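Keep in mind the model is a prediction, meaning the values are calculated, not measured.
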Amino acid sequence: MEIKPLGIVSEGLRVINILANFPREIETKSPDGKTYNLIVPEPAVYVVQKILTNPMRNPPEKKVKDIAAVKELLYHILQSDEHTSKLKEVYKSLSAKQVKTLKQVCAENEIEAFVEMDF
């Protein structure tokens, strides 16, 4: 799909919808003191979404960059009971096809977090 005002071509990915299923609301203040409520994806769902989209990611350099980000964020997620619990919740919401993709990408990229976790 071409987005003319931005001069880009985009590809629809249903797996991105998962981000909206696990929102986190945070409150932040701008330098001028105004308060804003932001709705962002849970870190756990962001990691899962990056793993699921990895096979479709182009160019290949972006795949490598995404996997590095996944590994870094997973390290921090697994340090928190709250975030680990959310990761399990996200995992349990996946379809069989998504679980297969997740496991394949994790195996190919030596991401052991999902192997070690008791789902």
J.: Compare all side-chain heavy atoms of I51 with those of D66 and state whether any distance is below 4.5 angstrom.
T.: no
J.: Just how far is it from atom OG of S95 to atom CD1 of I18, taken to the nearest 0.5 Å?
T.: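 Between S95 OG and I18 CD1, I get 9.0 Å after rounding to 0.5 Å.
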J.: Is L78 reachable from F22 through a run of I, L, V, M, F, W or Y residues, each pair having side-chain heavy atoms under 4.5 Å apart?
T.: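 As far as the 4.5 Å side-chain criterion goes, L78 and F22 are connected within one cluster.
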J.: Look up atom NZ in K63 and atom CZ in R57, then write down how far apart they are to the nearest 0.5 Å.
T.: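 Answer rounded to 0.5 Å: 10.0 Å.
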J.: For residues H83 and H76, determine if any side-chain heavy atom of one lies less than 4.5 Å from a side-chain heavy atom of the other.
T.: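 Side-chain contact under 4.5 Å: no.
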J.: Is there a side-chain contact between T101 and L94 (heavy atoms, below 4.5 Å)?
T.: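 No. Closest side-chain heavy atoms not under 4.5 Å.
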J.: Output the distance between atom CG (N17) and atom CD (Q49), rounded to the nearest 0.5 Å.
T.: 10.0 Å
J.: Is a donor on one side and an acceptor on the other found under 3.5 Å between the side chain of S85 and the backbone of D81?
T.: no
J.: For residues V40 and Y46, determine if any side-chain heavy atom of one lies less than 4.5 Å from a side-chain heavy atom of the other.
T.: no
J.: Can you check whether N21 reaches V90 side chain to side chain, under 4.5 Å on heavy atoms?
T.: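 No; the side chains remain at least 4.5 Å from each other.
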J.: Grab the two heavy atoms, one from Q79 and one from Y75, that are nearest each other, plus how far apart they are.
T.: CG-O, 3.1 Å
J.: Looking at CD of Q98 and OG of S93, how far apart are the two atoms once the value is rounded to the nearest 0.5 Å?
T.: 7.0 Å
J.: Rounded at 0.5 Å granularity, tell me how far CD in E61 sits from NZ in K65.
T.: 11.0 Å
J.: For E82, enumerate each residue passing the salt bridge (charged side-chain N to carboxylate O under 4.0 Å, His left out) test, keeping only those at least two apart in sequence or located in another chain.
T.: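 Partners of E82 by the salt bridge (charged side-chain N to carboxylate O under 4.0 Å, His left out) criterion, ordered by chain and then number, come out as R24.
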J.: Check whether any side-chain heavy atom of S30 sits under 4.5 Å from a side-chain heavy atom of Y36, and report yes or no.
T.: yes
J.: How many angstroms lie between atom CD of E108 and atom NZ of K103, to the nearest 0.5 angstrom?
T.: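 Between atom CD of E108 and atom NZ of K103 there are 14.5 Å.
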J.: Check this for me: does any side-chain nitrogen of one of E89 and K86 sit under 4.0 Å from a carboxylate oxygen of the other?
T.: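 A salt bridge is present here (some side-chain N lies under 4.0 Å from a carboxylate O).
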J.: Could you report the tightest heavy-atom contact between N54 and N109, atom names first, then the distance?
T.: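 Heavy atoms only, the tightest pair is OD1-ND2, 4.5 Å.
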J.: For the residue pair L38 and T28, what are the closest heavy atoms and their distance?
T.: CD1-CG2, 3.7 Å
J.: Any side-chain heavy-atom pair from I26 and N37 closer than 4.5 angstrom?
T.: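 SC-SC contact between I26 and N37 ruled out.
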J.: Could you pull out the closest heavy-atom pair between P43 and L73, with the gap in Å?
T.: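 Taking P43 first and L73 second, the nearest heavy atoms are O-CD2, 4.0 Å.
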J.: Could you please spell out the steps behind the side-chain contact (heavy atoms from CB on, under 4.5 Å) verdict for V105 and I67?
T.: CA-CA 9 Å; V105 171; I67 292 299; 4.0 Å; yes
